Structures are given as C-alpha cells and as structure tokens.
2 protein chains.
Amino acid sequence: MPYVSEKNLGRLSLYRRLLNRLQAEGIRNIYSHELARMAGGTAAQVRRDLMAVGSLGSPKRGYSVRELIESIGIFLDAPHGEGAAIVGVGNLGRAIMAYFAGRRPRLSIVAAFDSDPSKVNRVIHGCRCYPVEDIERVVREEGVNVAIITVPAREAQATAETLVRAGVRGLLNFAPVPLRVGPDVYVEDIDMTMALEKVAYFARRGGAVEEITK
Amino acid sequence: MPYVSEKNLGRLSLYRRLLNRLQAEGIRNIYSHELARMAGGTAAQVRRDLMAVGSLGSPKRGYSVRELIESIGIFLDAPHGEGAAIVGVGNLGRAIMAYFAGRRPRLSIVAAFDSDPSKVNRVIHGCRCYPVEDIERVVREEGVNVAIITVPAREAQATAETLVRAGVRGLLNFAPVPLRVGPDVYVEDIDMTMALEKVAYFARRGGAVEEITK
DNA sequence: GTCACACTGTGAATTCTTTCACATACTATA
DNA sequence: TATAGTATGTGAAAGAATTCACAGTGTGAC
Ligand SMILES: NC(=O)c1ccc[n+]([C@@H]2O[C@H](COP(=O)([O-])OP(=O)(O)OC[C@H]3O[C@@H](n4cnc5c(N)ncnc54)[C@H](O)[C@@H]3O)[C@@H](O)[C@H]2O)c1
Ligand SMILES: NC(=O)c1ccc[n+]([C@@H]2O[C@H](COP(=O)([O-])OP(=O)(O)OC[C@H]3O[C@@H](n4cnc5c(N)ncnc54)[C@H](O)[C@@H]3O)[C@@H](O)[C@H]2O)c1
C-alpha cells in the first residue's frame, strides 16, 4: 500500500465526501479541475492525491465517480468496518455522538464512557454509555481501535493512558492539552481555541493569502 | 509585523496556552526544550517560532514566562479585544458557546444567530441569540470581524455569504462543506469526519510516524 | 480511419517547513 | 574580574509539499 502523508489522506477523505454528494446528484464523471474547485485546491494536487489510490482517470472523460469512491474506500476504510469509542459525554461529546449517529456505516461510535453516574447505563443517540471502569473490558470486547476524547482537560492524559492500555491505537483529542502517548499511537488534536485565534489573526491581516479565488 | 505561516501561528497560540498554565503554577522561566516537550515539538522549532514575536530569551535562564505571554499577546491579539459571532445554535453551536463563555477576554462570542424562532431572543450561555435577519445589522453594530458557522451543511454557503456581506473577514467553519468566499476572507475548516477517518487510517497502519517519543 | 484536442499521470522544479549546527551572549562562580 | 558552561538566535542545509509542464492517450468529430 503506498505511503500517504497526513494531508494527502485528509484530502482523500474530503474528496470522497464531495464525490458521494455528486453521486447522489446523479453525476457519473468528473475532471480533476472540477474536483479541485469543489475542494478548494488545484487540479494538479487532486491528480497527485489520487495517485495514492491508483489513478483511474481517462482523458476526455475524467474520473468515474463510482470507481473513485470505491477506490478511495478500499484505501481508507477498514476492510470490515470499524467501531470507535468516545469518552466524556458532556456538551461536546453528546453533540459529536449526535453527529456521527447513523452516518458512516464503516466508522461509527459503538461505545460511550463517562465518570458521571447519572450518565452511565443510558443509551444516548443510539449508543450505550458505560462507566469509565468498563473502558478496558468494552474496548477489548468490541475490538475498538480508535477513540474520541471529550473529557475535561485535566482528565485527558489519564483517559488517554487508560485507552491506550486497553488497546486503542488512534485518538481524536478535543481537550486543549497535548497528549503524551507512545510512538505507536496516532493522535489528532482538534483545538478550537487555536483555530479561532488563527482565524481572528488572519482575518485582521488582510484576509486569506490562499483562498479559492478563481 | 513579521510574516508568520499558519502553522507558525497555530503553535504560538498553543505555546501561549501552555505558558498560561505554567504561570498559574508559579513557574517564571522556561527553556525552549521544555516548551518543546510540552508542545510536542523540537527546541529548534520553538525558538524559530518565537522569532516572530521578537525573541527575548536569555542563555542560562531561558525565557521569562510572563514576558513571553505578553509578547505573544501583542502579536496575536487584536489591540482592543475582538468579538466573534456564531451562527447556528444547535448541538454543536451550544457546546461551543459554553466552551468559550467567559474564557478568553480578548476574543469572545458576542452574538449568536439562529433561524429557529424558538431559539431567538433568548440568552444562551451569556450571549444573546438573534434571528438571522439581524446578522447584517448586529455584525456591523458590534464590529464583528470573525464568525463561527455551525449551521447544517446545506445552509453553510448562504450563511457564509451573508456574513461576508455584513463585513466578516474570518470564518471558522464546522459544516462539512468547503466554503466559497472571496480572497479577502480567511476560512478555517474543522472537519471532524476527516479527522476521525485520518485517525482510523493511521491507527490501523502502525500508529504514529511522528509522536512525542522522547 | 485518422486527426485534433483536452485531460491524465508524473518527473522535475519550486516553494514552504523543519532541522542542524554554531557563533554569540549571559550567568554563576570563584 | 576572569572563566566555564549552557542556551539562545539564526544562517544554511535538509526534507516535505505543492506546482509546473509536458509526454502519452483515449475520445469524438468527421
Ligand atoms: N464544548 C466545546 O465546544 C469544546 C470546544 C473545545 C474543546 N472542548 C474540550 O472538550 C472537552 C469536553 O468539553 P465539554 O464542553 O463537553 O465539557 P463537559 O463538562 O460538558 O463534559 C465533560 C464530560 O466528561 C465527563 N468526565 C469528566 N471526567 C471524566 C473522566 N475521567 N472519565 C470519563 N468522563 C469524564 C463529565 O462527566 C462530563 O460528562 C474539554 O476538555 C473541553 O476543553 C470543548
Ligand atoms: N454536532 C457535531 O458534533 C458536529 C460535528 C461536525 C460537524 N458538525 C456540523 O456542524 C453543523 C451543526 O451541527 P449540529 O449538530 O449543531 O446541528 P443542529 O441541527 O443541532 O443545529 C443546527 C442549528 O442551525 C440552525 N439553523 C438552520 N439553518 C439555519 C440558518 N440558515 N441560519 C441560522 N441558523 C440555522 C438550526 O435551527 C439549529 O439550531 C452541521 O453542519 C454539522 O454537519 C456538527
């Protein structure tokens, strides 16, 4: 399987979503420059990204939407689907559960955990909420490989360690603290404060340098 | 004012948060390699990043935590504070309002908007919720420069256009669609589906390439 | 059947980012 | 006051990511 950088992979995920929308509209073929326009990039970059999934475009007709979705799927998805866990069923955690509920069949939230007794043993957005003591057991039983962390910042490191001990190898972290984990665990941070400060800064200094202009 | 790349700026924001925490713990000085360890980077990168704010370290003592926070603030923040707006007071929008409420004095959410009549004219997490028809007026009155978009995907483009028309120059977009705006508007997308797919992918293929190892 | 065209796939060039490595400078100590 | 030692600031090198640019190719027109 070819190596892809993180950015590369992110864009493949984006292309797939755009392609799914096109497919729903009945569009069967698409050119790299059209996809680029939708994704906010350049045609060359789209083509370069698609090399990872084994390019399958044809001149004069571009890419088959159906084939592309399929190829990206083969590349991105776990062969037999995958379940994620979420720890911290607060404001953000519940919003995320609502968002992912019933959305992606190949990657869904299969277990939630919270330390608050008033939240455990309830079903929230179609997903059972367990006490944190059950993390290890449930993660192992369900074969969960990926987890979302939405606990308060001071609990995040300990939560990450528990999850890793249970076998989780990928973390999506919403707590505003960098997590320390072993090199075999992949961490993606979503840092809204940083994002908002970036936006404020670049909005002040004469806007975008690189926006979808044409 | 020196030019900084997006990544650069993001890290400055992160450093500031880490430094604030240190300051609260009573720590007065810090070395680049310590900050690097906390932020998950290298010492050289920290020093390089800090060049943007005008470096002010001293050998043997490192950087003054207080001075650094101050310098980063001068660099990052609007001189007299700044108000942001949020459009879409749903699950995610409310979580974000709760999160930012009373947190950053220099960059706070000063107005919320929703199209749902049952939400407007209420105060949610200390912030007035207006009908969408008032976006233009309120944004102008409050001098809002930055907005957060948490409306459903199909409404996002129209919302962005309304905001830009009202004078907003920076958007933090949570809707899973790339926004088309003019080149003078800065857009930052937070795409949770992409993030989760990335985590799942890299978790599967032997974890991180580049995590905080040492 | 064959021609011309527009688009793909991809090496090479460019641009952007990170890391290296070292001269410089400050402090503590005696 | 002189000295030793360690951390900074930064040019230069290395490494990534993006863009350029063009050869190759399948398609539709005729
Ligand atoms: N709300 C947002 O929009 C937002 C934005 C950015 C970042 N964050 C971060 O996301 C995290 C959650 O934010 P929130 O607004 O949902 O907070 P919240 O207080 O609403 O929810 C936190 C939840 O975690 C649970 N919890 C606490 N300790 C736990 C533990 N050790 N194990 C399991 N569960 C535990 C609590 O019971 C609660 O249900 C925080 O770290 C916050 O900084 C939130
Ligand atoms: N919930 C999540 O965790 C999550 C995660 C990723 C992305 N998103 C995206 O964020 C957006 C909001 O998600 P949500 O879960 O909060 O949805 P939601 O349905 O709970 O909230 C949407 C809100 O927007 C309001 N709204 C609808 N049209 C509007 C308009 N034209 N102008 C102003 N307000 C309008 C609705 O009244 C509602 O209050 C969606 O685009 C979603 O795809 C959400």
Side-chain angles (χ1 to χ4, degrees), chain A residues 2-15 19 27-65 67-68 71-72 75 194 198 202 208-214, chain B residues 2-15 19 22 27-65 67-68 71-72 75 178 194 198 202 208-214:
Chain A
Y3 166 82
V4 281
S5 71
E6 289 188 40
K7 291 189 167 184
N8 230 286
L9 195 98
R11 286 190 299 260
L12 286 174
S13 163
L14 171 61
Y15 299 153
L19 289 164
I27 289 161
R28 302 184 154 251
N29 291 282
I30 188 165
Y31 296 123
S32 61
H33 66 263
E34 296 176 300
L35 198 48
R37 175 168 247 277
M38 284 187 282
T42 67
Q45 181 154 75
V46 169
R47 295 202 300 276
R48 173 94 37 210
D49 288 335
L50 292 181
M51 284 176 72
V53 303
S55 296
L56 10 76
S58 99
K60 253 323 188 249
R61 204 180 301 166
Y63 300 86
S64 151
V65 171
E67 280 180 35
L68 257 198
S71 304
I72 295 176
F75 188 81
M194 180 199 289
K198 258 170 82 167
F202 287 110
V209 185
E210 39 70 66
E211 258 348 280
I212 315 150
T213 313
K214 200 177 56 181
Chain B
Y3 167 81
V4 280
S5 70
E6 289 187 39
K7 292 188 169 186
N8 230 288
L9 194 96
R11 284 189 302 259
L12 287 174
S13 162
L14 172 61
Y15 299 152
L19 289 164
L22 290 172
I27 290 162
R28 303 187 152 249
N29 291 283
I30 187 164
Y31 296 123
S32 60
H33 65 264
E34 296 175 301
L35 198 48
R37 175 168 246 278
M38 283 189 282
T42 68
Q45 182 155 74
V46 169
R47 295 202 300 275
R48 172 82 54 200
D49 287 336
L50 293 181
M51 284 175 73
V53 304
S55 296
L56 10 79
S58 100
K60 257 311 189 254
R61 205 181 300 166
Y63 300 86
S64 151
V65 171
E67 281 180 33
L68 256 197
S71 303
I72 295 175
F75 187 82
M194 180 198 288
K198 257 170 83 168
F202 287 110
V209 185
E210 39 71 65
E211 259 349 280
I212 316 150
T213 313
K214 202 176 49 180

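These numbers were taken from a predicted model, which means no experiment stands behind them. Letters go in sequence order (proteins before strands), and every chain restarts at 1.
- Atom CD of residue Glu6(B) and atom CZ of residue Arg11(B) lie 11.5 Å apart, to the nearest 0.5 angstrom.
- Atoms CG and OH, on Leu56(B) and Tyr63(B) in that order, are 8.0 Å from each other to the nearest 0.5 Å.
- Positionally, the nearest nucleotide of DNA chain D for Leu50(B) lies more toward the 5' end than for the other of Leu50(B) and Pro59(A).
- For dT8(C), the OP1/OP2 oxygens have a side-chain nitrogen or oxygen of Ser32(A) closer than 4.0 Å.
- For the pair Met51(B) and His33(B), nearest-nucleotide mapping onto DNA chain D gives the more 5' position to His33(B).
- Here the CG atom belonging to Leu9(A) is positioned 9.0 Å from the CE atom belonging to Met194(B), to the nearest 0.5 angstrom.
- Rounded to an integer number of Å, the gap from CG of Asn29(B) to C1' of dT8(D) is 14 Å.
- Taking atom NZ of Lys60(A) as the reference point, atom C1' of dT27(D) lies 7 Å away to the nearest angstrom.
- Between Ile30(A) atom CD1 and dT8(C) atom P there is a gap of 10 Å when expressed in whole angstrom units.
- When atom types are taken as modelled, the side chain of Tyr31(B) and the backbone of Lys60(B) share a donor-acceptor pair closer than 3.5 angstrom.
- Residue Asn29(B) holds its CG atom at 7.5 Å from OG of Ser58(B), rounded to the nearest 0.5 Å.
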Restricting both atoms to N or O, compile the protein contacts to nucleotides 17-22 of chain D shorter than 3.5 Å, with distance only.
{"unit_1": "dT18(D)", "atom_1": "OP1", "unit_2": "Arg11(A)", "atom_2": "NH1", "d": "3.2"}
{"unit_1": "dT18(D)", "atom_1": "OP2", "unit_2": "Arg11(A)", "atom_2": "NH1", "d": "3.4"}
{"unit_1": "dT18(D)", "atom_1": "OP2", "unit_2": "Arg11(A)", "atom_2": "NH2", "d": "2.9"}
{"unit_1": "dT18(D)", "atom_1": "OP2", "unit_2": "Gln45(A)", "atom_2": "NE2", "d": "3.3"}
{"unit_1": "dT18(D)", "atom_1": "O5'", "unit_2": "Gln45(A)", "atom_2": "NE2", "d": "3.4"}
{"unit_1": "dT19(D)", "atom_1": "OP2", "unit_2": "Thr42(A)", "atom_2": "OG1", "d": "3.3"}
{"unit_1": "dT19(D)", "atom_1": "O4", "unit_2": "Arg48(A)", "atom_2": "NE", "d": "3.2"}
{"unit_1": "dT19(D)", "atom_1": "O4", "unit_2": "Arg48(A)", "atom_2": "NH2", "d": "3.1"}
{"unit_1": "dA21(D)", "atom_1": "N6", "unit_2": "Arg47(A)", "atom_2": "NH2", "d": "3.2"}

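- Between Tyr63(B) atom OH and dT6(D) atom C1' there is a gap of 13 Å when expressed in whole angstrom units.
- Taking atom CZ of residue Arg61(A) and atom C1' of nucleotide dT27(D), one finds them 8 Å apart after rounding to whole Å.
- Separating the CG atom in Asp49(B) from the OG atom in Ser5(B) is a distance of 7.5 Å, to the nearest 0.5 Å.
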